[in-house]
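Okay, so here's the structure we're looking at.
Just so it is clear, the structure is predicted and the values come from calculations on it, not from any experiment. A note on names: the letters A, B, ... follow the listed sequences, proteins ahead of strands, and every chain is numbered from 1.
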There are 2 protein chains.
Amino acid sequence: MSLPHAILTALLEKPSSGLELTRRFDRSIGYFWPSTHQQIYRELGKLEQAGHIRVLPAAQPARGQKKEYEVLPAGREELAAWVALAEDPRPVRDPLLLRMRAAAVVGAPGLAEELHRHLALHRRQLEEYLEIEKRDFPPERTADEDRLRRLVLRGGIDLETFWTGWLTGAIDDLEGPGAAPDRV
Amino acid sequence: MSLPHAILTALLEKPSSGLELTRRFDRSIGYFWPSTHQQIYRELGKLEQAGHIRVLPAAQPARGQKKEYEVLPAGREELAAWVALAEDPRPVRDPLLLRMRAAAVVGAPGLAEELHRHLALHRRQLEEYLEIEKRDFPPERTADEDRLRRLVLRGGIDLETFWTGWLTGAIDDLEGPGAAPDRV
DNA sequence: CGTCATTGTGCAACTAGTTGCACAATGACG
DNA sequence: CGTCATTGTGCAACTAGTTGCACAATGACG
């Protein structure tokens with residue numbers, strides 16, 4: 001039940017239409033809770049139904065049939081209650097680790113290449129996060145109000161750092177001394 | 001499409017019944033691809049249908065109506081093909097990071113407690129992994145054939161190390177000097 | 001022999017996320 | 001004025017995972 005809360009958070013930061021939300025997701029909340037426009041529209045409908053958000057009366061006619069949503073007090077309360085909830089971390093589900101495990105049984109041809117590819121992807125993501133950190137959280141501005149947002153970004157950075165580190169080690173190990181890459 | 005491959009891997013390591021698979025998942029493959037017995041039975045049915053596995057003729061009548069499955073050549077081929085496939089890492093979806101982001105907007109009462117709770121859970125998981133490493137991969141036995149399995153375990157260890165590290169830092173930051181924990 | 005815990009298999013309904021598409025309204029451009 | 005790109009909303013079908021339950025067979029125990 002995280003998507004509705006992700007949407008409430010985004011709408012509290014700034015009332016938006018479905019498409020605007022989708023775009024904003026892609027470069028902030030979507031980093032740790034991605035969503036498609038279809039899903040977002042469906043969820044907006046449910047949130048409106050539940051009385052958590054409402055459509056803002058349109059200022060002027062816009063492209064398409066644009067609807068701007070804003071959060072109602074009930075929605076804010078719902079979100080605050082959710083923040084304080086105890087919820088266990090969701091179980092890890094990682095296909096790459098699973099494939100390495102399978103490779104231990106049926107052989108690993110093609111796997112090293114895939115590790116290189118993933119390493120490149122994670123490096124790129126790490127770069128992106130570091131860019132955002134430089135832009136949004138420069139060292140001189142340690143505003144207290146951004147503490148939590150900075151911590152979240154730090155989470156992303158540390159996570160990608162873990163992946164690049166682990167993948168680098170794995171590649172070294174597989175291609176390194178005495179490696180038998182294609183053993184069955 | 002990872003669960004069937006997880007099952008094929010487990011069955012290649014050792015032919016098993018549905019319940020045995022479920023139990024074995026809980027202490028190996030399930031660490032990075034958890035599954036319930038219901039899901040496993042359903043998938044076993046599909047895999048049999050597809051000709052990837054078959055029921056072993058029963059040696060002697062057992063409890064319940066036990067069925068032991070083994071992997072057929074077609075199943076092994078399917079698994080080997082999957083190992084070599086290019087598949088992007090699945091997007092991160094983490095409710096805790098999301099909740100921190102929400103807390104930045106509606107206030108953070110109760111959040112620090114939750115961070116402590118998660119830290120304890122991740123520490124426990126890390127301990128468990130380190131136990132397994134000590135048991136299954138003692139330093140003297142660097143057998144080449146366990147290389148991949150050891151790397152997978154390393155992945156789990158490094159991942160939990162990331163979480164404990166990040167959570168520790170986040171708690172320090174939130175409860176530390178000049179903290180304003182319940183600000184709205 | 002009856003009862004109960006254990007081992008074992010599985011169905012049904014639901015929830016959340018994905019994929020593929022349809023279609024409405026508007027402004028820019030020839 | 002006609003066409004087309006862009007902005008915008010949304011339905012439908014599917015896939016994967018979760019939750020709650022039913023029920024079969026066997027062995028242990030009184």
Side-chain angles (χ1 to χ4, degrees), chain A residues 1-8 11 15-26 29-50 53-56 58-69 82 87-95 98, chain B residues 1-8 11 15-26 29-50 53-56 58-69 82 87-95 98:
Chain A
M1 287 290 295
S2 292
L3 179 58
H5 301 104
I7 292 177
L8 287 173
L11 283 183
S16 309
S17 68
L19 195 61
E20 276 166 28
L21 267 182
T22 306
R23 292 205 225 279
R24 288 176 49 210
F25 258 63
D26 287 346
I29 290 181
Y31 286 128
F32 44 91
W33 205 276
S35 191
T36 58
H37 71 101
Q38 292 92 329
Q39 232 186 320
I40 286 173
Y41 281 116
R42 209 179 347 179
E43 209 60 50
L44 283 171
K46 286 190 201 164
L47 284 167
E48 192 184 11
Q49 203 76 31
I53 61 175
R54 66 159 185 158
V55 178
L56 277 172
Q60 65 269 351
R63 292 210 160 207
Q65 46 265 278
K66 190 171 170 178
K67 287 193 264 178
E68 289 243 300
Y69 290 93
W82 179 73
E87 193 185 327
D88 284 351
R90 47 174 37 198
V92 178
R93 271 210 179 81
D94 190 280
L98 194 59
Chain B
M1 288 290 294
S2 292
L3 179 58
H5 301 104
I7 292 177
L8 287 174
L11 284 183
S16 307
S17 69
L19 196 60
E20 277 165 28
L21 267 182
T22 305
R23 291 205 225 281
R24 289 175 47 210
F25 258 62
D26 288 347
I29 289 179
Y31 286 128
F32 43 90
W33 205 277
S35 190
T36 58
H37 71 102
Q38 291 94 326
Q39 232 186 320
I40 286 174
Y41 281 116
R42 210 179 343 178
E43 209 59 50
L44 284 171
K46 286 189 201 166
L47 284 167
E48 193 185 9
Q49 203 76 31
I53 60 174
R54 64 160 187 159
V55 178
L56 277 172
Q60 66 268 350
R63 290 209 162 205
Q65 47 265 279
K66 191 172 170 176
K67 286 193 266 180
E68 290 243 299
Y69 291 92
W82 179 71
E87 192 185 327
D88 285 350
R90 45 174 38 199
V92 177
R93 270 211 179 79
D94 190 280
L98 194 59

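Rounded to the nearest 0.5 angstrom, B:Ile40 CD1 and B:Ile7 CD1 are separated by 5.5 Å.
The shortest distance between the side-chain N/O atoms of B:Lys67 and the OP1/OP2 oxygens of C:dG10 is below 4.0 Å.
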The dot-bracket string of DNA chain C, counting Watson-Crick and G-U wobble pairs with both distances under 3.5 Å, using [ ] for crossing pairs and | for pairs to another strand, is ||||||||||||||||||||||||||||||
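Between the CG atom of A:Leu19 and the C1' atom of C:dT26 there is a distance of 14 Å, given to the nearest Å. Separating the CG atom of B:Leu47 from the C1' atom of C:dT9 is a distance of 16 Å, rounded to the nearest angstrom. For the pair A:Tyr41 OH and C:dT19 P, the interatomic distance rounds to 19 Å; values are reported in whole Å. What separates CD of A:Glu48 from P of D:dT9 is a distance of 12 Å, to the nearest Å. When the C1' atom of D:dT9 is taken as reference, atom CZ of A:Arg23 falls 13 Å away, rounded to whole Å. For the pair B:Glu20 CD and C:dG8 P, the interatomic distance rounds to 6 Å; values are reported in whole Å.
In this structure, of C:dT9, D:dT9, C:dT19, it is C:dT19 that holds the atom nearest to the side chain of A:Thr36.
Nucleic acid contact for B:Ser35: none, since no nucleic acid atom lies under 4.0 Å from a heavy atom of the residue.
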Please test A:Leu47 against A:Leu11 for side-chain contact (heavy atoms from CB on, under 4.5 Å), starting from the C-alpha separation and ending with a verdict.
CA-CA 12 Å; A:Leu47 284 167; A:Leu11 283 183; 5.7 Å; no
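For the side-chain hydrogen bond (donor to acceptor under 3.5 Å, both in side chains) with A:Ser35, the lone residue among A:Gln39, A:His37, A:Gln38 that qualifies is A:Gln39.
In this structure, the side chain to side chain donor-acceptor pair (under 3.5 Å) partners of B:Arg24, at least two apart in sequence or on a different chain, are B:Ser16. Residues passing the side chain to side chain donor-acceptor pair (under 3.5 Å) test with B:Arg54, sequence neighbours excluded: B:Glu70. Legend: residues meeting side-chain contact (heavy atoms from CB on, under 4.5 Å) with A:Arg23, ordered by chain and number and at least two apart, are A:Leu19. By the ring pair (Phe, Tyr, Trp, His ring centres under 6.0 Å) test, A:Tyr31 is found to be paired with A:Tyr129, residues two or more places apart in sequence or in another chain being considered.
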Per-nt protein contacts along nucleotides 11-17 of chain D (heavy atom under 4.0 Å; B base, S backbone sugar-phosphate only, - none) come out as B----SB
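Listed for the B:Arg90 side chain is no donor-acceptor partner under 3.5 Å among the backbone atoms of A:Asp94.
Contact annotation: the side chain of B:Val55 approaches that of B:Tyr69 to within less than 4.5 Å [non-hydrogen atoms, C-beta and beyond].
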